[in-house]
Amino acid sequence: MTSFPELGSPSPLPWTTATTVWRALLALAVVFVMLATTGWTAVRSHKPAADPRAAALSAWLHGSIGGHPLPSPQSAPDALARFFGALTGHDREKLAERYPLVVGNLNGAPVELRYRANRIALEAARTVEERRTHSNGLTPAGRGDAARRMHRFDSLAEGGRKILAFDSTGDGRVAEVFGDLDRAERVSVIVPGVDTNVLTFEKSQRSYSAPVGMAESLYEAEHAASPGTRTAVIAWADYTAPVGVGVEAATGKLATEGALRLRALVRALPGDSQVSLVCHSYGSVVCGVAARDLSPRVTDVAVAGSPGMRAEHASDLHTSARIWAMRDEDDWIQGVPHMEVGGLGHGADPVSEGFGARVLSAAGARGHAGYFAPGTTSLANFADIGVGRPAGVRCAGDTSACTGNLGPAANSSAA
């Protein structure tokens, strides 16, 4: 272990060791500045007394249909698909009505049944929040938070929306589909970053900076890029994201948990569609962890505004998917130390030459939240990747360096 010399010591550290130490100290300093502004522990605004999903899972495990016990929610998606396939339509609907918080989040259940179950769950959650708006046991701020959640659940429960996952616990998790997931030839999954929850899932101002707006923007861009390709886009906020740029965002714990959920989602997608992951900010950390055990149906992983993928080189991700990276020149994320020291930080900069990703142009993105804005080159690049036309992307620096050797297993040669 390297020790620091006393002040005035005639034997300074070797240059390379000193550089590493100073970079580590810089990284730690950045983290401590974040902690000073956000606090050691992020305090989430909504802490209900009960966990409705845990109660629903317990009821499911003790339930039955037609005299037969229900399968474990942890069963493989294909086993769950066979279970639901053997039921009558009436029995499937009965399960969705009895256990909406289970069926609506069950990988392997028919997607249309999941949409139906999640509408039921949202209506129930909306009722709970409406009661809380009148609770004398809450502060005015608490009642205001309940009102905001009630209106969000109202919006998500609208008949035409396709909610693939929903859990109101804590700040909430949710995923929404745009397009026909059952018939899609190509599926793009948007994985967002910090401060993503039920309340921030969509925004009325700068809508493309929130998951719903990102997905809508990408879905429209993919249709424009290839009208004949059947596509679907998933706004996937079905993991617990860090709150602010504090210690949660500087470590990989939540990314590891999110990666497990992301892999499960991909494995359970219906049909044989090919999949692209489009990962923004801390979402790229989730995708980097998930990449090490991804389904082979994932052909591309594209990251934007990334603090790192918890890897030093694209080949360390051990995936056959092509790795793409972009960053706008005004994105503040470039100031984050791209390294990992003692669990803090997320590794090398994905847009650096040494990382080995295919570096895309982000022209027009304007900062950290603008990559999905209509009319930007960044959005057009995501769309070309999403519809399976990677040769059509625009590389960074107006070169074609990122489009060489576009075979599916070309990450190690993309350096």
Side-chain angles (χ1 to χ4, degrees), residues 27-28 30-31 34-35 38 40-42 44 51 53-54 57 73-74 76-77 105 107 165 167 169-175 189-197 211 234-269 275 277-296 298 301-321 323 325 333 336-350 355 357 411:
L28 291 171
V30 169
V31 170
M34 291 176 178
L35 294 173
T38 63
W40 281 100
T41 302
R44 295 182 183 269
D51 183 342
R53 178 156 162 76
L57 285 167
Q74 304 303 321
N105 295 281
N107 289 318
D167 183 358
T169 306
D171 285 347
R173 296 195 295 253
V174 62
V189 181
I190 293 176
V191 184
V194 299
D195 290 327
T196 299
N197 54 53
I234 302 175
W236 190 77
D238 191 27
Y239 82 104
T240 300
V243 176
V245 285
V247 71
E248 287 181 331
T251 61
K253 179 179 182 294
L254 293 180
T256 299
E257 296 169 358
L260 293 173
R261 301 180 68 85
L262 181 57
R263 291 179 190 132
L265 166 81
V266 172
R267 286 196 300 269
L269 290 175
V275 180
L277 304 183
V278 183
C279 320
H280 177 244
S281 194
Y282 189 85
S284 67
V285 186
V286 177
C287 290
V289 177
R292 292 162 172 84
D293 190 25
L294 274 178
S295 164
V298 178
V301 177
V303 303
S306 175
M309 300 180 74
R310 300 198 74 79
E312 293 304 312
H313 192 275
S315 61
D316 296 335
L317 300 175
H318 302 293
T319 176
S320 61
I323 305 298
I333 204 77
V336 172
H338 285 86
M339 59 184 302
E340 188 275 325
V341 178
L344 295 174
H346 302 300
D349 185 350
F355 186 76
N411 292 332

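Model, not experiment: these values are computed from the prediction. Side chains included, hydrogens not; waters and symmetry mates left out as well; all remaining heavy atoms used. Along the sequence shown, the residues carry numbers beginning at 1.
Atom-to-atom distance recorded for Leu260:CG and Asp293:CG is 9.0 Å, nearest 0.5 angstrom. Distance check, rounded to the nearest 0.5 Å: CE of Met339 to CD of Glu312 gives 8.5 Å.
Contact detail for Val194 and Ala249: the closest heavy-atom pair is CG1-CB, 4.0 Å. Here the shortest heavy-atom pairing between Pro307 and Ser281 reads CD-O, 3.3 Å. Minimum heavy-atom separation, Ala321 to Val301: CB-CG2, 4.1 Å. Scanning all heavy atoms of the two residues, the minimum distance from Ala291 to Thr319 falls at O-CB, 3.4 Å. Taking all atoms of both residues into account, the shortest heavy-atom contact from Pro350 to Val303 is CB-CG2, 4.1 Å. Across all their heavy atoms, Val243 and Glu248 have their closest contact at N-OE1, 3.1 Å.
Every residue two or more places apart in sequence or in another chain was checked for a salt bridge (Lys or Arg N to Asp or Glu O under 4.0 Å) with Asp195, and none qualifies. Remark: Ser284 engages Ser306 in a side-chain hydrogen bond (donor to acceptor under 3.5 Å, both in side chains) (not counting sequence neighbours). Scored by the salt bridge (Lys or Arg N to Asp or Glu O under 4.0 Å) test, Arg310 finds no partners at all (sequence neighbours excluded). In this view, Ala165 and Asn105, Arg114, Ala175, Asp238 satisfy the side chain to side chain contact (heavy atoms under 4.5 Å, CB included) rule, not counting sequence neighbours. Scored by the ring-ring contact (aromatic ring centres under 6.0 Å, His included) test, His346 finds Tyr282 as partners (sequence neighbours excluded). Residues satisfying the side chain to side chain contact (heavy atoms under 4.5 Å, CB included) criterion with Ala302, sequence neighbours excluded, are Trp324, Phe382, Ile385. Applying the side chain to side chain contact (heavy atoms under 4.5 Å, CB included) rule to Leu57 yields the partners Arg53, Pro73, Val102; only residues at least two apart in sequence or on another chain are considered. Ala311 pairs by the side chain to side chain contact (heavy atoms under 4.5 Å, CB included) definition with Arg292, Asp316, Leu317, Phe355, not counting sequence neighbours.
Of the residues Val266, Val189, Leu262, the one that meets the side-chain contact (heavy atoms from CB on, under 4.5 Å) test with Val298 is Val266.
A donor-acceptor pair is defined here as one N or O able to donate and one able to accept, closer than 3.5 Å; such a pair exists between the side chain of Tyr239 and the backbone of Pro192.
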* Applying side chain to side chain contact (heavy atoms under 4.5 Å, CB included), run through Thr240 and Arg173 and close with a yes or a no. => CA-CA 7 Å; Thr240 300; Arg173 296 195 295 253; 3.4 Å; yes
* Take Ile234 and Leu269 through the test side chain to side chain contact (heavy atoms under 4.5 Å, CB included) and record every step on the way to the result. => CA-CA 11 Å; Ile234 302 175; Leu269 290 175; 3.8 Å; yes
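Put simply, the side chain of Leu294 does not reach to within 4.5 Å of the side chain of Val275, judged on heavy atoms. The shortest side-chain heavy-atom distance between Arg261 and Asn107 does not fall under the 4.5 Å cut-off.
A salt bridge (charged side-chain N to carboxylate O under 4.0 Å, His left out) check over residues 251-260, counting only residues at least two apart or in different chains, returns the pairs Lys253-Glu257.
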